[in-house]
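Every chain is numbered from 1 and lettered A, B, ... according to where its sequence line falls, protein lines coming before strand lines.
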Amino acid sequence: MSTDTLDKGQARCPGAPSTQDIIAADKVTAPGWVRSESYQFLGDADIPKNRYIDPAFAKLEFETLWKKTWQFACREEHIPNVGDYHVYDLGPYSFIITRVTDTEIRAYYNACLHRGTKLRASGTEGSTDEFRCSFHGWSWNLDGSHKETVCHWDFPHVKSKDFALPQARVETLGGFVFINMDAKAPSLAEYLGPEALAHIKAWKLENRYVYLHVAKRLPCNWKLAIEAFQEAYHVIETHPQVAPSNGDANSQYDVYGEHVDRFISTLGVVSPHLYGKISEQDILNQFTLGDSSALGDTKLTVKDGGSARAVMAEMFRGMFEKATNTDLSKVSDSELLDCFSYTVFPNTFLFPGISLPMVYRFRPDPRDHRKCLYEVLFLRPVPVDGSRPMPAEAIRLEDHQSFKEAAGMDPGFGGILDQDTDNLVLQQEGLEASAKNGLTLGNYQEIRIRHFEQTVDKYVGRKA
Amino acid sequence: MSSSYARVVKSTEIPSGGRKVVEVEGKAIVICHVNNNFYAIANRCSHAERPLERGRLGQGWIACPFHGARFELATGKAMNLPATEPVVTYPLRIVEDWIEVLVEAAPPSGG
């Protein structure tokens, strides 16, 4: 059937099985959150380009969007004990995320209430029983109550009850600590919506730990960086080395409410762009892993009549169990192999799969709307013996460095991130140079970008 | 000026993630155990000269509990404000389960 006769957004890659067809043929059945679809056509007008290139738009985002949304600030494992703290910075804002009791985490605005000095330097963590300003020594208890004004006799107008540290809201989910500056914002559960919340809860990411953490500044607006990772449409042109083992053009795209969207991109199957050119053994040979260190030197072989995907699922289960000392016997082939990419608006990506067990976070540079900070965290299951390794310290790459240079980064995956980065500088400059005022999007494969930008519009339209 | 390694504590007495303050040649030193490595760092923050001993141990650093300055355990280098100056670190070795630290003795006074 010609795709021209379909309603907008209903066309899919011709001649290729759907993501759900591929997953349905797997040996170990996938859970419900994998075997569902939630696509919605959201229009086909161009996205105005000024949001990526206008510093005034970035300023508006800081005044509206960033003050009203739930943001991943740190993992609970970054502050395991009472008194531990972790400083989370977002643009001009800074928060001390601290564990006040075994069950309560708070986020204090990171500024002394005397003359404004940051109580803790940006990007740091530590442990304390009081937050004491390094300038004049004013101090606050762990619970945020005012502890001491040095030379109190000179400040009769300072009443301790009025000088508690201001707080942002805090909620935890899956081992992540989320904060929100807006006292009137919906709860995190309402923000995510019931379906996305159920997905995230099902992954039990609280049972993982940060195995590797890499940070690098990217040469583009933060939204361009995010959107480069929201579709598999670019794989065949940008990452041709991946296409032999990635169902790119037949990936699945879903949207959930205003704040969550996802794709499922199957691995261990050939790209529809390469049908007839690639054997099942080629798929295995060229498969690129995000965390291949867990595999060691094992080589995989497809027997006659078998499929690369089936072989990989079987082998992965055993190898990842051994490498990570975990029980994966009930985990589906799809969860072991496929790339599940979820965006939690505005700046977090969750990848609950086993082969690409990642989290991305993007933050705008407050001094330059053409720069952003990108972080990738690899989460491995906590060993079955229950011991929780200390979370990895962030490796901070210089602008000129390759992702491959980060110790522990899979070189194949590091190369993929380098390819993405190279595109982004060209895209930022190209948008500024273009005679065209907007970005044109595919109805299906680029639906996450439209979904994301529509939510941006909603927030910047709502003045703080 | 003379120097020799001084036995300070049995390595088995400091669990992973733990620390112990010892004194050698009149100097207070924190012995830290992080990720199967032991480090010896002076028990005095270079920023406000407060003791570091109750500071959090991270992957290769200790954070001053008073104002949050962090120092590399291996080199003593200051990692963030409000500190900019390093903290003294000492060579450390393990002999027969004993942690030994090398501290240069102070020169004799007077004369």
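- Ranked by heavy-atom pairs under 4.5 Å with chain B, the list A:Pro391, A:Cys133, A:Gly126 is led by A:Gly126.
- Residue contact with chain A, scored on non-hydrogen atoms closer than 4.5 Å, is absent for B:Ile62.
- Annotation: side-chain contact (heavy atoms from CB on, under 4.5 Å) contacts of B:Ala78 (sequence neighbours excluded): B:Phe71, B:Ala83.
- Residues satisfying the side-chain contact (heavy atoms from CB on, under 4.5 Å) test with A:Pro92, not counting sequence neighbours, are A:Phe62, A:Pro366.
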Per-pair distances, 0.1 Å, donor-acceptor, side chain in residues 92-101 of chain B, under 3.5 Å, sequence neighbours excluded:
| residue | atom | partner | partner atom | Å |
| --- | --- | --- | --- | --- |
| B:Arg93 | NE | B:Glu100 | OE1 | 2.8 |
| B:Arg93 | NH2 | B:Glu100 | OE1 | 3.0 |
| B:Glu96 | OE1 | B:Arg7 | NH2 | 3.1 |
| B:Glu100 | OE2 | B:Arg7 | NE | 2.9 |

Donor-acceptor pairs, chain B vs chain A, cutoff 3.5 Å:
| residue | atom | partner | partner atom | Å |
| --- | --- | --- | --- | --- |
| B:Arg56 | NH1 | A:His78 | O | 3.1 |
| B:Arg56 | NH1 | A:Gly126 | O | 3.1 |
| B:Arg56 | NH2 | A:His78 | O | 2.5 |
| B:Gln59 | NE2 | A:Met390 | O | 3.4 |
| B:Gln59 | NE2 | A:Pro391 | O | 3.1 |
| B:Trp61 | NE1 | A:Glu393 | OE1 | 3.0 |
| B:Trp61 | NE1 | A:Glu393 | OE2 | 2.8 |
| B:Pro65 | O | A:Arg120 | NH2 | 3.4 |
| B:Pro65 | O | A:Thr128 | OG1 | 2.6 |
| B:Phe66 | O | A:Arg120 | NH2 | 3.4 |

